[in-house]
Amino acid sequence: MISSARKLFSPGAGAQAWPLALYYTTMFSIGGVHLPYWPVWLASHGQGAAGIGVLIAAGVCVRIVANPWVAHMADRLGERRRPIVLLGWISLASFSLFAFAPDFAWLVAISLLFGFTWAPVGPLFDNLTLLTAYAEKLDYGRIRVWGSISFMAATALGGWILQGHSSELVLVLVLALLAANALCGHLLPDRRTARAEPAHGIPLARLLRMRLFALFVGGTSLIFASHAAYYGFFTLHLRSIGYGESIIGLLWSEGVVLEIALFFVSGSLFRRISPTNLILLGAVAGLVRWPTIALSTSLMALVAVQTLHSLTFAATHLGAMHFMSRAIPAGFSASAQSLYSAMTNGVAMALALLGAGYLYANTGASGAFLAMALMSLGGAVAAVLLGNRWDGGILST
């Protein structure tokens, strides 16, 4: 039984699988504490809702510039581990400055600095993991799943640890996790690629001139941004129709648990379904999930459609990762990864959140979530076009 459990939860047989899984564990643990509890620290230091919103937005918006620039440098160097390690230690140092920030202006400046150094780490590490997984024949999903597991665990444990303690403990926990993450960076495989030639132009411009890559980014951006109403207003909507905190928590947890389950079986899944069909599957699931949330108050219906989080998010993410691994030349892979991240989690999500907020305020959940369904429809059309036009090989730059 012990050996069966070990096999079930192992990230893979390769020697490089465990360092990658360990890095995902520490990286997502940081988010599991920082995302839900950092506003508590900010509030304890005199920041109101508007100020907290500005500080969080500063860290999100800076990734639009930081991710492509850092990725361009990584492609020029042909390296991944050294930039990840360097950014990890700088992020630790920059976050420690929050302890000494005297006023709001300093908090903004430090938020920008931390966002600039920390935001590019995720796309760079995803790229390193994919390069290693394909070279060593590892199962990407069984490695990536440790990120989802650790995020859920860190959020739960963080709340338990912080209960009854000073909010200063939030800063201490994030710093401890950043230090652990930076140390784990030294264990990563030193996977290198051919250096991108600067004479051929800016990698991002060349990538955007690739019509199929632009179609891929546009389609996945629509699918991921269709989660905007869910992230921003699902809890408020559930409260408005009479559900309590325990039911709300279970519905949120259900989505993450099934996301984890899909990551575990993704290896066998990829032998049967192409990357573009996985992306299409995520879009089609959104066409069921978002209208149901918009139009139904039944707990049974909500429980049923929460299972679709494993498709709207996880299947789309897995399809996107494997599409880039197969379609993008290795010398442009970091730039492609960060452009994808900046668009899906940056520009598209920010615009969708603004739109969802306006719609929720003026039309309620029905208008906001039906708009998300329209975005899923756009993503489905893009996925069909991509599947018909991509031959499964490397795109020409």
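Just so it is clear, the structure is predicted and the values come from calculations on it, not from any experiment.
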Exercise for the section: May I have the step-by-step check of ring pair (Phe, Tyr, Trp, His ring centres under 6.0 Å) for Trp38 and Phe95, ending in yes or no? Expected result: CA-CA 12 Å; Trp38 187 238; Phe95 199 83; 4.8 Å; yes

Practice task
For the pair Met349 and Thr344, evaluate side chain to side chain contact (heavy atoms under 4.5 Å, CB included) and give the outcome as yes or no after the intermediate values.
Solution key: CA-CA 6 Å; Met349 183 60 76; Thr344 56; over 6 Å; no

Practice task
Go through the steps for Tyr231 and Phe234 under the test ring pair (Phe, Tyr, Trp, His ring centres under 6.0 Å), then give the verdict.
Solution key: CA-CA 6 Å; Tyr231 293 146; Phe234 185 56; over 10 Å; no

Exercise for the section: May I have the step-by-step check of side chain to side chain contact (heavy atoms under 4.5 Å, CB included) for Val108 and Leu112, ending in yes or no? Expected result: CA-CA 6 Å; Val108 171; Leu112 289 170; 4.1 Å; yes

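One distance of note links CG of Leu87 with CG of Leu124; it measures 7.0 Å at 0.5 Å rounding. The CG atom of Leu55 sits 4.5 Å away from atom CZ of Phe104, with the distance rounded to the nearest 0.5 Å. To the nearest 0.5 angstrom, Leu374 atom CG is 10.5 Å from Leu222 atom CG. Separation of atoms CG (Leu395) and CZ (Arg389) is listed at 13.0 Å; rounding is to 0.5 Å. The structure places CG of Leu370 at 10.0 Å from CG of Leu359, a figure rounded to the nearest 0.5 Å. Note: Ser150 OG to Met27 CE = 8.5 Å, rounded to the nearest 0.5 Å.
Within the structure, every pair that satisfies the side-chain hydrogen bond (donor to acceptor under 3.5 Å, both in side chains) test and touches residues 278-291, not counting sequence neighbours, is listed here: Ser226-Trp290, Tyr230-Arg289, Arg289-Gln306, Arg289-His309, Arg289-Thr312, Trp290-Ser376. The list of ring pair (Phe, Tyr, Trp, His ring centres under 6.0 Å) pairs with a residue in residues 355-391, not counting sequence neighbours, reads Phe233-Tyr360, Phe323-Trp390. Annotation: salt bridge (Lys or Arg N to Asp or Glu O under 4.0 Å) contacts involving residues 82-101, sequence neighbours excluded, comprise Glu79-Arg82. Applying the side-chain hydrogen bond (donor to acceptor under 3.5 Å, both in side chains) test to residues at least two apart or on different chains, the pairs with a partner in residues 173-188 are Tyr23-Asn181, Thr26-Asn181, Trp89-His186. Legend: side-chain hydrogen bond (donor to acceptor under 3.5 Å, both in side chains) pairs involving residues 105-124, not counting sequence neighbours, sorted by first then second residue: Ser91-Thr117.
Residues Ile143 and Val121 are members of one and the same hydrophobic cluster, defined by side-chain heavy-atom contacts under 4.5 angstrom among Ile, Leu, Val, Met, Phe, Trp and Tyr. Both Leu113 and Val65 belong to a single network of hydrophobic side chains, linked directly or stepwise wherever heavy atoms of I, L, V, M, F, W or Y lie under 4.5 Å apart. Hydrophobic clustering (ILVMFWY, side-chain heavy atoms < 4.5 Å, transitive): Leu295 and Tyr243 are in distinct clusters. Leu131 and Leu22 are assigned to two separate hydrophobic clusters, defined by single-linkage of ILVMFWY side chains at heavy-atom distances under 4.5 Å. At a threshold of 4.5 Å between side-chain heavy atoms, the hydrophobic network of Ile, Leu, Val, Met, Phe, Trp and Tyr places Ile293 and Ile241 in one connected group.
Between Met324 and Ala336, the shortest heavy-atom contact is SD-O, 3.8 Å. For the residue pair Met375 and Ala225, the shortest heavy atom distance occurs at CE-CB, 3.4 Å. Heavy atoms only, all atoms of each residue included: Met372 and Ala228 are closest at SD-N, 4.0 Å. Nearest heavy atoms, Ile279 versus Ala383: CG2-CB, 4.0 Å. For the pair Leu238 and Leu302, the tightest heavy-atom approach, listed with the atom from each and the gap, is CD2-CD1, 3.7 Å. Between Leu251 and Leu299, the shortest heavy-atom distance links the atoms CD1-CD1, 4.4 Å.
Using a distance-only test at 3.5 Å, with no hydrogens or angles considered, a donor-acceptor pair links the side chain of Thr220 to the main chain of Phe216. Between the side chain of Thr25 and the backbone N or O of Ala21, at least one donor-acceptor pair lies under 3.5 Å. Side chain of Ser325 to main chain of His322: no donor-acceptor pair is present (N/O by atom type, distance under 3.5 Å, no hydrogens or angles). Side chain of Tyr140 to backbone of Tyr134: no donor-acceptor contact under 3.5 angstrom is found. Between the side chain of Ser338 and the backbone N or O of Asn67, at least one donor-acceptor pair lies under 3.5 Å. Here the side chain of Arg81 pairs a donor or acceptor atom with the backbone of Leu188 at under 3.5 angstrom. Checked by atom type and distance alone, the side chain of Ser96 pairs as donor or acceptor with a backbone atom of Ala93 at under 3.5 Å.
In this structure the side chain of Ile328 never reaches within 4.5 angstrom of the side chain of Ile394, judged on heavy atoms. For the pair Val284/Leu311, no side-chain contact is recorded, criterion being any heavy-atom separation below 4.5 Å from C-beta on. Residues Asp126 and Met321 are in side-chain contact: their nearest non-hydrogen atoms beyond the backbone lie under 4.5 Å apart. The side-chain heavy atoms of Trp41 and Leu169, taken from C-beta on, include no pair separated by under 4.5 Å. Side-chain contact between Arg144 and Leu20 is absent, with no heavy-atom pair separated by less than 4.5 Å. With a 4.5 Å cut-off on side-chain heavy atoms, Thr316 and Leu278 do not count as touching. Phe224 places a side-chain heavy atom less than 4.5 Å from the side chain of His317.
Aromatic ring orientation, Phe28 versus Tyr24: tilted (interplanar angle from 30° to 60°). Taking the six-membered ring for Trp and thresholds of 30 and 60 degrees, His34 and Phe114 have ring planes inclined between 30 and 60 degrees apart.
Counting only N and O atoms by type, the side chains of Ser274 and Thr276 include a donor and acceptor under 3.5 Å apart. When only modelled atom types and interatomic distance are considered, Arg80 and Asn127 share a side-chain donor-acceptor pair under 3.5 Å.
Contacts of Asp103 classified as salt bridge (Lys or Arg N to Asp or Glu O under 4.0 Å), with partners at least two apart in sequence or in another chain: none.
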